[in-house]
Amino acid sequence: MTKLISFESAQAALKPHYQKFWSVIDSAWNDWQQLPPNLLTIASTRSRASVVHDFMVARANELVSVDGTIRSVYHRFMFALVIETSAGFIALRLKKLNEDGLSKSQPTQQVKDFQEQVTIEGIGAAHHLEVGYVLNHAQTAIQSIDMVCPSGLNSVFWKAEITPMSIDGRVDDLLGGSDPQTSNDLGFTVKRRDIGDAGNAATGTD
């Protein structure tokens with residue numbers, strides 16, 4: 001396993017990209033909800049996750065077309081965004097997550113390597129993160145959009161929530177908080193949510 005990237009280093013490196021990640025995932029969920037009602041009704045949870053993932057990939061590829069610091073990689077059926085940052089190249093998988101920050105994947109050797117932070121030839125990133133959505137208990141809406149640093153299969157080094165800030169500089173109450181922020185611009189805050197360290201936050205605008 002390579003050295004795990006700290007929460008602070010990751011957030012400093014990815015500060016310009018908070019809005020992009022959030023928008024890719026939020027837009028993909030909205031794309032899903034725009035499908036015909038009869039399809040939404042009969043789709044299994046597995047089908048829903050697959051279709052939303054396809055929408056996330058499509059939205060991510062739109063992002064790549066306008067941002068030269070980000071490239072998309074398909075490697076042995078794994079899709080990742082690879083971002084050039086001050087902390088080196090960071091690869092992100094787009095996933096459905098549970099409340100503990102864990103993603104459900106077939107435990108292939110490649111997935112195992114990704115989550116254990118083993119450098120994967122063909123992706124070539126120094127650090128691996130996952131960013132994705134957590135659904136509410138009714139499975140009807142996104143509860144949070146989180147970023148996670150995996151440290152092995154079913155193991156998380158840290159996780160954080162990406163939340164849009166309202167114009168007046170406060171986190172939108174409807175999206176899970178009302179903490180005052182220092183910025184008066186429309187931006188995003190990334191707050192660490194793992195047990196024992198929920199107070200660490202980084203903010204940025206894009």
Side-chain angles (χ1 to χ4, degrees), residues 1 4-7 10-11 14 17-18 20-33 35 40-60 77-81 90-118 120 127-164 171-172 174-177 188-202:
M1 180 186 294
L4 291 163
I5 189 169
S6 69
F7 169 78
Q11 303 323 311
L14 295 171
H17 302 291
Y18 299 160
K20 300 167 190 174
F21 303 152
W22 191 92
S23 294
V24 162
I25 295 168
D26 184 65
S27 297
W29 180 257
N30 288 335
D31 291 338
W32 159 259
Q33 291 188 310
L35 293 177
L40 299 180
T41 300
I42 66 173
S44 66
T45 56
R46 180 177 180 179
S47 295
R48 180 187 61 207
S50 179
V51 173
V52 173
H53 182 266
D54 288 344
F55 281 134
M56 288 194 292
V57 169
R59 292 287 185 170
F77 304 106
M78 177 184 286
F79 175 85
L81 290 176
I90 297 177
L92 290 98
R93 289 206 308 160
L94 305 173
K95 299 296 294 180
K96 179 180 183 291
L97 303 171
N98 66 19
E99 291 184 344
D100 295 322
L102 300 176
S103 60
K104 186 175 182 180
S105 301
Q106 292 296 324
T108 64
Q109 185 61 49
Q110 182 173 232
V111 169
K112 185 173 182 288
D113 287 345
F114 189 95
Q115 295 190 332
E116 291 184 348
Q117 303 291 336
V118 175
I120 299 173
H127 306 289
H128 301 157
L129 302 177
E130 294 180 331
V131 61
Y133 61 98
V134 179
L135 295 180
N136 61 13
H137 290 297
Q139 301 282 292
T140 56
I142 290 179
Q143 174 176 291
S144 65
I145 292 176
D146 295 350
M147 182 180 296
V148 174
C149 179
S151 55
L153 288 173
N154 299 318
S155 180
V156 169
F157 183 45
W158 54 258
K159 72 184 183 78
E161 181 179 352
I162 305 173
T163 308
V171 178
D172 190 334
L174 294 176
L175 292 170
F188 285 71
T189 182
V190 176
K191 180 169 287 188
R192 191 163 175 168
R193 294 296 190 190
D194 40 322
I195 295 172
D197 207 356
N200 291 329

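One is the number of the first residue; the rest follow in order along the sequence. Reckoned from all heavy atoms, side chains included, excluding hydrogens, waters and symmetry mates. The shown structure was predicted, so the numbers you read here are calculated from the model rather than taken from an experiment.
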Determine whether L4 and W158 satisfy the following criterion, side chain to side chain contact (heavy atoms under 4.5 Å, CB included), listing intermediate values before the conclusion. CA-CA 10 Å; L4 291 163; W158 54 258; over 6 Å; no

Run the side chain to side chain contact (heavy atoms under 4.5 Å, CB included) check on I120 and F114 step by step: do they pass? CA-CA 7 Å; I120 299 173; F114 189 95; 3.9 Å; yes

Separation between CG of L94 and NE2 of H53, rounded to the nearest 0.5 Å: 6.0 Å

What distance do T108 atom OG1 and D113 atom CG have between them, rounded to the nearest 0.5 Å? 8.0 Å

Residues P107 and L153: closest non-hydrogen pair is CB-CD1, 4.4 Å

From the list L135, V131, I145, V134, side-chain contact (heavy atoms from CB on, under 4.5 Å) with L97 holds only for V134

Got a sec, which residues hit side chain to side chain contact (heavy atoms under 4.5 Å, CB included) with S44, two or more places apart in sequence or on another chain? R46, S47

Out of curiosity, L14 CG to L129 CG, how far, rounded to the nearest 0.5 Å? 6.5 Å

Could you tell me whether the side chain of I90 reaches within less than 4.5 Å of the side chain of I5, counting heavy atoms only? yes

Separation between CG of D100 and CG of N154, rounded to the nearest 0.5 Å: 10.0 Å

Which residues satisfy the ring pair (Phe, Tyr, Trp, His ring centres under 6.0 Å) test with F79, sequence neighbours excluded? Y74

Output all residues satisfying salt bridge (Lys or Arg N to Asp or Glu O under 4.0 Å) with K112, sequence neighbours left out; order by chain, then residue number. E116

Walk me through it: do H128 and R93 pass the test side chain to side chain contact (heavy atoms under 4.5 Å, CB included)? CA-CA 8 Å; H128 301 157; R93 289 206 308 160; over 6 Å; no

So, do M147 and I162 sit near enough that their side-chain heavy atoms are less than 4.5 Å apart? yes

M56 vs K96, test: side chain to side chain contact (heavy atoms under 4.5 Å, CB included). Steps then yes/no. CA-CA 10 Å; M56 288 194 292; K96 179 180 183 291; over 6 Å; no

Please enumerate all residues that pass side chain to side chain contact (heavy atoms under 4.5 Å, CB included) together with V156, with sequence neighbours excluded. L102, V148, K159

Here's a test for you: under side-chain contact (heavy atoms from CB on, under 4.5 Å), which of L35, D31, L40 qualifies with V51? L35

Heavy-atom closest pair, residues S6 and F157: CA-CE2, 4.2 Å

Under 6.0 Å between ring centres: does that hold for F55 and W32? no

Residue list, side chain to side chain contact (heavy atoms under 4.5 Å, CB included) with A138, at least two apart or on another chain: N136, T140

Shortest non-hydrogen separation from V190 to F7 and the atoms involved: O-CZ, 3.9 Å

Non-hydrogen side-chain atoms of E99 and H137 separated by less than 4.5 Å: yes

Could you tell me which residues satisfy salt bridge (Lys or Arg N to Asp or Glu O under 4.0 Å) with R48, sequence neighbours excluded, listed by chain and number? none

Using only atom types and a distance under 3.5 Å, with no angle test, would you say the side chain of E161 pairs donor to acceptor with the backbone of R192? no

Within a 6.0 Å radius of atom CD on Q139, are there more than 12 heavy atoms belonging to other residues, nucleotides or ligands? yes

P164 backbone acceptor or donor facing Y18 side chain under 3.5 Å: no

Under a 4.0 Å N-O cut-off, is there an ion pair linking K95 with E130? no

Between S103 and Q115, does any side-chain donor sit less than 3.5 Å from a side-chain acceptor? yes

Among side-chain atoms of S27 and S23, is any donor-acceptor pair under 3.5 angstrom? no

CZ on R59 to CG on N30, rounded to 0.5 Å: 8.0 Å

